[in-house]
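Just so you know, these numbers come straight off a predicted model, no measurement behind them. Here is how names work: the chains are called A, B, and so on, in the same order as the sequence lines, proteins then strands, and each is numbered from 1.
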Amino acid sequence: MNPDIHFNSRMYPDTNGHFGPYGGRYVAETLMPALIELEAAYKQFLPDPEFQKALNILLKNYTGRPTPIFFAERLSRSIGGASIYLKREDLTHTGAHKINNTLGQTLLAKWMRKKKVIAETGAGQHGVATATTAALFGMECKIFMGVEDIQRQAPNVKRMELLGAEVVPVASGTGTLKDAMNEAMRYWVSAIRDTFYVIGSVAGPHPYPVMVREFQKIIGEESKIQIQELAGRLPDLLVACVGGGSNAMGLFFPFIEDQSVQMLGVEAAGTGIETGKHAATLNAGSVGVLHGSKSYVLQDENGQITEAHSISAGLDYPGVGPEHSLLKDINRVQYAAVTDQQALEAFSALCRLEGIIPALESSHALAAAMFEAKNRSKDDIILINLSGRGDKDLGIVGPLL
Amino acid sequence: MNRLKNSFETLKQNNDKALVGFVTAGDPDIETSLKIVTAMCENGMDILELGVPFSDPSADGPVIQRSSSRALKHDVSLKTVMDMIRKIRKITSIPIIIFSYYNPIMAYGIENFQPDAIAAGADGVLVVDLPLEESPELTSLWNQTDFSLINLVAPTTPKERMAKIASASSGFLYLVSKTGVTGSDGLDTSEIETQMNILRSVTDLPVCVGFGISTAEDVATVASMADGVVIGSAFERLIEENINSPELVSIIVQQTAEYKAATKQN
Ligand SMILES: Cc1ncc(COP(=O)(O)O)c(C=O)c1O
């Protein structure tokens, strides 16, 4: 595909949920009627002023929005390049951007009169956010989580349980996020009539990628106003980490048609792309179908999905949202990859220089942004989506730093 | 020659229904899998559904998930499955349907898939995660031939959608007996009857019913309502339970014959 800077973001997705050649609904027939029902409900309720009002009140009074943008002056000075600003999603209730989406989807579930919600989780942030909003609305909640992730994100398992959710361990496959998502889909098929599946990223079958983006775009909408107030103009570069891609789509989307704004999505390079142990789907994957949509995936030559690797459970996913695949192909967004080690160094830097403990996921964005900042002038503005806080990662980081 | 059409016509003349057997190709290994399939073909199975193993079988229950993992240990790919079909075709004239998730087909190459499948001796394909809306990207590449696209119809599928699915299908329709993954327990016969009545009002295609059918009594009940009965997890469970037994093939033979006896209508 040709680079097309005049890309009109409102043209996508089409009526069947395709972002160019990506997206769609690649699921068993049993799920199709549920997805069609969900799409109809989403189209009916989202524009409803009553729904919007209810959601906005919660985003403000429950979640703590708008989250601020902070000028990371000491970090910027230590690098000696561009000025780095942080969009503080780590300050939301539950400590990551995930709650923007779960609040929206759980409210939608309520309006659809569903009694139960289920979700998959990797880092546990989406699971915690779903357990939180389920508690808020008095709904029954089951969270599917890989056994591997249950180990490395133990504090979040405890949090979900305290919030009244049942955490269902998933041992099949690699025992990580992709398997949790398989298991959630299996459970959903059997409980489809009264259960709403809250997907945690801009992945999965239509309408999830567009719906999750719509619930997350508040990050970019707020940022656009705030950065102009703070710095007097739009940023030169936006940087966000990409697991499934929801915090990145949330920040990027409102800027897509602002041609002066460059965008950088940052994937996890694990121990290095060349080692094969990574989660850099857009950088090193190929087109396939996983979890209901067509997008880049990590796979072998026979179409078997391969295991992803990252120090950060939230980025440890062999797929990516379909809209990112399109944005990559048309060159509107650049995608880089950052190793475990580089992310850890950035993590440390932010702790020491700014007194902010970032999530390991967000540390990937930070590392790439710090690298970019080096080669730019002080007048350049880089805005990073600090998607979450790092308390959950202390068990992993502790022994390494 | 359309093997599927012939098969359903012959069964009808004999007042019989189709026994459709599903096994994952290459489970527990390629050689044993070929022996199992051959034995099933020779002992009353009317239609073979040969499953392509996939790393992420999100529509399957634990039994078929494990069968997929076992086959993947032997690197069974769609290419392997094509080779197996070539061998099976030499010993049987029953219809062979490839049963796959879409990603292995994409990786194989959607352009080559149909010509290669026909050349190997397959009669059709069922792509679990390729619903009505997405299937033209595969089928629009197909030549006008007797190669069938088998589609799933679920208890949640509304009538108008059933009609659309039926008109995009050929060979037969696969009615999923319940909202669940493969291998879920318990059969809801009144639900099947309701769905069958709706389906009969929108299509003349034969209808085979699957998911959760495991006993000969289940087979007899479903056979009285539909044109065929699909057994998958029950065969896979037998393979798993007898994986190291020298009797494995003869156990499968016995079970196939028992199921077959139950499809006959009198
Ligand atoms: C803090 C944080 N950032 C980022 C991610 C990655 O998800 P996404 O790419 O959808 O934003 C996660 C996922 O768990 C997360 O917890």
Original post:
Does the side chain of B:Asp56 come within less than 4.5 Å of A:Leu290's, by heavy atoms?
Top reply: yes
Subject >> Nearest heavy-atom neighbours spanning A:Gly288 and B:Asn103 >> reply: CA-OD1, 3.1 Å
Subject >> Nearest non-hydrogen partners of B:Tyr102 and A:Val289, listed with the distance >> reply: CD2-CG2, 3.8 Å
**OP:** Kindly say whether A:Ile305 contributes a backbone atom to a donor-acceptor pair with the side chain of B:Ser55 at under 3.5 angstrom?
**Re:** yes
Subject >> Enclosure of B:Glu191 CD (heavy-atom neighbours >12, cutoff 6.0 Å) >> reply: yes
**OP:** Go through B:Arg161 and A:Ile36 one step at a time and tell me if the side chain to side chain contact (heavy atoms under 4.5 Å, CB included) criterion holds.
**Re:** CA-CA 11 Å; B:Arg161 188 173 167 82; A:Ile36 292 168; 3.7 Å; yes
Subject >> Part of B:Leu78 lying under 4.5 Å from any heavy atom of chain A >> reply: neither
Original post:
CD of A:Glu140: more than 12 outside heavy atoms within 6.0 angstrom?
Top reply: no
Original post:
Going from CZ on A:Arg193 to OG1 on B:Thr179, what distance comes out if it is rounded to the nearest 0.5 angstrom?
Top reply: 5.0 Å
Original post:
When only pairs under 4.5 Å are counted, which of A:Asp179, A:Val27, A:Asn302, A:Ile192 shares the most heavy-atom pairs with chain B?
Top reply: A:Val27
Original post:
Taking atom types as modelled and ignoring hydrogens, do the side chains of A:Glu29 and B:Asn151 form a donor-acceptor contact shorter than 3.5 angstrom?
Top reply: no
Original post:
Taking 4.0 angstrom as the limit, do B:Glu137 and A:Lys294 come out as a salt bridge?
Top reply: yes
Original post:
Do you know which of A:Glu183, A:Met181, A:Arg25 has the most heavy-atom pairs under 4.5 Å to chain B?
Top reply: A:Arg25
Original post:
Does a side-chain heavy-atom distance below 4.5 Å link A:Arg186 with B:Pro57?
Top reply: yes
Original post:
In terms of heavy-atom proximity below 4.5 Å to chain A, should B:Val153 be classed as side chain, backbone, both, or neither?
Top reply: backbone
Subject >> Top contributor to chain B interface from A:Gly173, A:Ser172, A:Ala34, A:Gly303 [non-hydrogen pairs under 4.5 Å] >> reply: A:Gly303
Original post:
Side chain, backbone, both or neither: which part of B:Val76 has an atom under 4.5 Å from a heavy atom of chain A?
Top reply: backbone
Subject >> Max heavy-atom pair count under 4.5 Å with chain A, selected residue of B:Lys178, B:Lys79, B:Arg66, B:Met106 >> reply: B:Met106
Original post:
If you count heavy-atom pairs under 4.5 Å between each of B:Pro131, B:Ser135, B:Pro104 and chain A, which one has the most?
Top reply: B:Pro131
Original post:
Where the side chain of A:Glu301 meets the backbone of B:Tyr108, is there a donor-acceptor pair that is under 3.5 Å apart?
Top reply: no
Subject >> Sidechain-backbone polar pair: B:Asp129 side chain, A:Ala28 backbone, donor-acceptor under 3.5 Å >> reply: no
**OP:** Return yes if a side-chain donor-acceptor contact under 3.5 Å exists between A:His18 and B:Glu133, otherwise no.
**Re:** no
Subject >> Per-residue contact mode, B:Thr157 against chain A (heavy atom under 4.5 angstrom) >> reply: both
Original post:
Looking at CG of A:Leu35 and OG1 of B:Thr156, how far apart are the two atoms once the value is rounded to the nearest 0.5 Å?
Top reply: 10.0 Å
Original post:
Can you tell me if CG on B:Asn197 sees more than 12 non-hydrogen neighbours from other groups inside 6.0 Å?
Top reply: yes
Original post:
chain A heavy atoms under 4.5 Å from B:Ile165: which part of the residue, side chain, backbone, both or neither?
Top reply: side chain
